[in-house]
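In what follows, every heavy atom counts, from backbone to side chain, and hydrogens, waters and symmetry copies are set aside.
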Amino acid sequence: MPLRQLRVLDLTQVMAGPFCCQLLADMGAEVTKVEPVDTGDQARRAMGFKMKGEDTAAFLAVNRNKKSVTLNLKEEEGREIFYKLAREADVVVENYRPGVAGKLGVDYETLKELNPRLIYASISGFGQTGPYALRAGYDLIAQGMSGVMSVTGEPGGPPAKCGVPIGDLSAGLFCAFGILTAYVARQETGRGQFIDTSLFEGALALSVWETAELWATGRIPQPFGSAHRLTAPYQALKTRDGYINVGANNQRLWKRLCQAIGREELVDDGRFATNEDRMKNRTELVEELEATFKKRDTDEWVEILLEAGFPAGPIYNYKQVFEDPHTHAREMMVEMEHPVEGVVRGLGIPLKLSETPGKVRHAAPLLGEHTEETLQRLGYSESEIADLRRRKII
């Protein structure tokens with residue numbers, strides 16, 4: 001597997017950090033999740049949906065392919081064990097609030113003295129610098145302060161967050177990208193480095209069209225529901241039994257759409273002659289198109305439009321997503337054997353590498369499942385491990 005030589009220590013909890021480390025684990029990295037004694041990652045108990053055992057579905061969703069070790073980092077002996085792990089690691093990932101890692105003695109400045117080749121990645125709400133660095137970070141707050149909520153939802157409606165936790169997930173993605181970038185750089189320099197990203201920046205960095213509109217026109221971007229801010233019609237339209245997504249993002253496709261639905265006269269309608277006209281008269285455009293689309297069901301229209309070479313598709317709920325044969329053909333649902341839950345399902349790996357593909361090897365670990373084997377590898381005897389466990393160091 002492509003990252004099989006990468007050894008990662010995962011100090012993170014809940015979503016952004018665990019998601020980042022799972023991405024690395026899916027590609028073969030050896031990821032050891034270092035968790036607080038007794039409680040573990042707070043997502044094990046406090047987030048998502050309870051199943052048979054104590055761990056939630058939310059925890060299982062972002063912690064597969066990892067090992068779990070429990071350590072009390074507030075105690076010197078616990079830190080000493082962590083230092084031994086850090087000396088042989090390639091990467092440490094943490095998502096404490098800025099300053100907490102330093103108080104625990106597991107910050108970059110401390111660890112790089114033990115291992116100059118260490119790549120140390122930090123995910124926080126707002127980053128390690130700036131006036132908001134010390135604020136707690138949550139996806140909802142990041143979506144609000146990055147502008148994402150101001151352009152989500154229907155025009156004139158209340159603020160709405162993106163349905164998926166885009167701040168958390170994008171921060172995790174950017175962090176994984178940063179780790180691999182630093183890993184490539186280390187091949188040349190021999191030195192590790194510090195990586196700093198945040199939920200705020202992760203959400204803001206995805207605001208490509210919105211910032212383009214702001215800086216090009218001076219207008220403050222507004223929400224458009226399912227519509228696109230740069231082209232029309234490119235949105236959901238009501239059919240007889242639901243909605244269909246249509247994507248006429250150029251003049252050629254606009255003409256093809258009109259021909260496919262039997263509304264050729266709209267091509268010569270001055271209100272819709274150009275994309276600029278269609279954007280200006282979007283309300284009338286939608287009324288004209290929906291008057292036609294409401295005459296047939298969604299599936300009928302999808303078939304008609306695809307046959308005409310026009311991009312269109314239904315709007316699925318998540319149950320329908322996983323009933324669709326394409327989802328299965330792309331292996332985007334996988335099954336794993338869990339020691340408590342039995343067979344659990346998870347999302348597949350979205351990257352398909354022809355020579356060194358990723359692999360879902362096992363489900364998320366039980367709390368501390370690999371503590372003993374890890375300490376034995378570090379040279380601890382059974383009696384020493386038992387004593388550490390008795391004193392709540394592990």
Side-chain angles (χ1 to χ4, degrees), residues 147-164 166 206-321 323-327:
V148 169
M149 287 179 66
S150 75
V151 295
T152 305
E154 293 296 327
K161 74 178 183 69
C162 177
V164 298
I166 198 73
L206 300 182
S207 304
V208 178
W209 295 142
E210 292 69 28
T211 53
E213 178 181 2
L214 174 67
W215 293 328
T217 69
R219 295 193 303 263
I220 298 174
Q222 300 297 312
F224 284 107
S226 65
H228 199 288
R229 66 185 58 258
L230 302 181
T231 188
Y234 189 98
Q235 66 182 91
L237 297 171
K238 189 163 183 55
T239 64
R240 185 165 60 191
D241 68 341
Y243 287 86
I244 183 174
N245 273 329
V246 300
N249 64 349
N250 60 47
Q251 198 68 9
R252 175 179 57 85
L253 287 174
W254 164 241
K255 292 178 179 179
R256 187 172 295 178
L257 172 64
C258 295
Q259 292 168 353
I261 67 174
R263 295 295 304 276
E264 291 89 343
E265 79 279 6
L266 294 179
V267 174
D268 299 319
D269 190 316
R271 297 174 296 170
F272 315 129
T274 66
N275 182 62
E276 185 177 1
D277 294 324
R278 294 191 292 277
M279 293 285 289
K280 188 185 344 180
N281 299 296
R282 194 198 306 266
T283 300
E284 294 93 329
L285 174 67
V286 170
E287 289 174 354
E288 290 284 358
L289 293 175
E290 287 190 339
T292 299
F293 276 101
K294 287 178 182 178
K295 296 177 180 179
R296 295 175 184 261
D297 291 345
T298 298
D299 288 345
E300 294 179 74
W301 280 122
V302 170
E303 185 175 349
I304 290 169
L305 293 177
L306 292 181
E307 182 67 26
F310 182 85
I315 299 170
Y316 287 156
N317 60 42
Y318 278 104
K319 183 175 184 293
Q320 292 170 315
V321 170
E323 292 171 343
D324 191 290
H326 188 76
T327 304

Are the side chain of [X] and the backbone of [Y] linked by a donor-acceptor contact shorter than 3.5 Å?
| X | Y | result |
| --- | --- | --- |
| T327 | V321 | yes |
| E265 | C258 | no |
| N275 | L230 | yes |
| D269 | L266 | no |
| N281 | F272 | no |
| R256 | A248 | no |

Shortest non-hydrogen separation from [X] to [Y] and the atoms involved:
| X | Y | answer |
| --- | --- | --- |
| V148 | S207 | CG2-OG, 4.3 Å |
| L306 | A312 | CD2-O, 3.7 Å |
| G153 | P223 | O-CB, 3.4 Å |
| I315 | A236 | CD1-CB, 3.6 Å |
| A260 | L305 | CB-CD2, 3.7 Å |
| A232 | L285 | CB-CD2, 4.0 Å |

Please report the interatomic distance [atom1]([X]) to [atom2]([Y]), rounded to the nearest 0.5 Å.
| X | Y | atom1 | atom2 | result |
| --- | --- | --- | --- | --- |
| E287 | L289 | CD | CG | 10.5 Å |
| E264 | Q259 | CD | CD | 6.0 Å |
| S226 | E154 | OG | CD | 6.5 Å |
| I220 | L214 | CD1 | CG | 7.5 Å |
| T231 | N249 | OG1 | CG | 5.5 Å |
| R229 | M279 | CZ | CE | 8.5 Å |

Inset, instruction - Step through the shown structure and confirm whether more than 12 heavy atoms of other residues, nucleotides or ligands are within 6.0 Å of CZ on F293. - result: yes
Legend entry - Atom CG of D299 with >12 non-hydrogen neighbours under 6.0 angstrom: no
Legend entry - Verdict with reasoning, W301 to L237, per side chain to side chain contact (heavy atoms under 4.5 Å, CB included): CA-CA 11 Å; W301 280 122; L237 297 171; over 6 Å; no
Beyond-backbone contact of [X] with [Y], side-chain heavy atoms, under 4.5 angstrom:
| X | Y | result |
| --- | --- | --- |
| L253 | F310 | yes |
| Y316 | E323 | no |
| Q251 | K255 | yes |

Inset, instruction - Please lay out, stage by stage, how E276 and R278 fare under the test salt bridge (Lys or Arg N to Asp or Glu O under 4.0 Å). - result: CA-CA 5 Å; E276 185 177 1; R278 294 191 292 277; over 6 Å; no
Inset, instruction - List the steps, then state whether side chain to side chain contact (heavy atoms under 4.5 Å, CB included) holds for F224 with Q235. - result: CA-CA 9 Å; F224 284 107; Q235 66 182 91; over 6 Å; no
Inset, instruction - Begin from the C-alpha positions of Q320 and N317 and carry the test side chain to side chain contact (heavy atoms under 4.5 Å, CB included) through to its verdict. - result: CA-CA 5 Å; Q320 292 170 315; N317 60 42; 3.3 Å; yes
Inset, instruction - Check the pair D297, R240 against side chain to side chain contact (heavy atoms under 4.5 Å, CB included), reporting the backbone distance first and the verdict last. - result: CA-CA 5 Å; D297 291 345; R240 185 165 60 191; 3.0 Å; yes
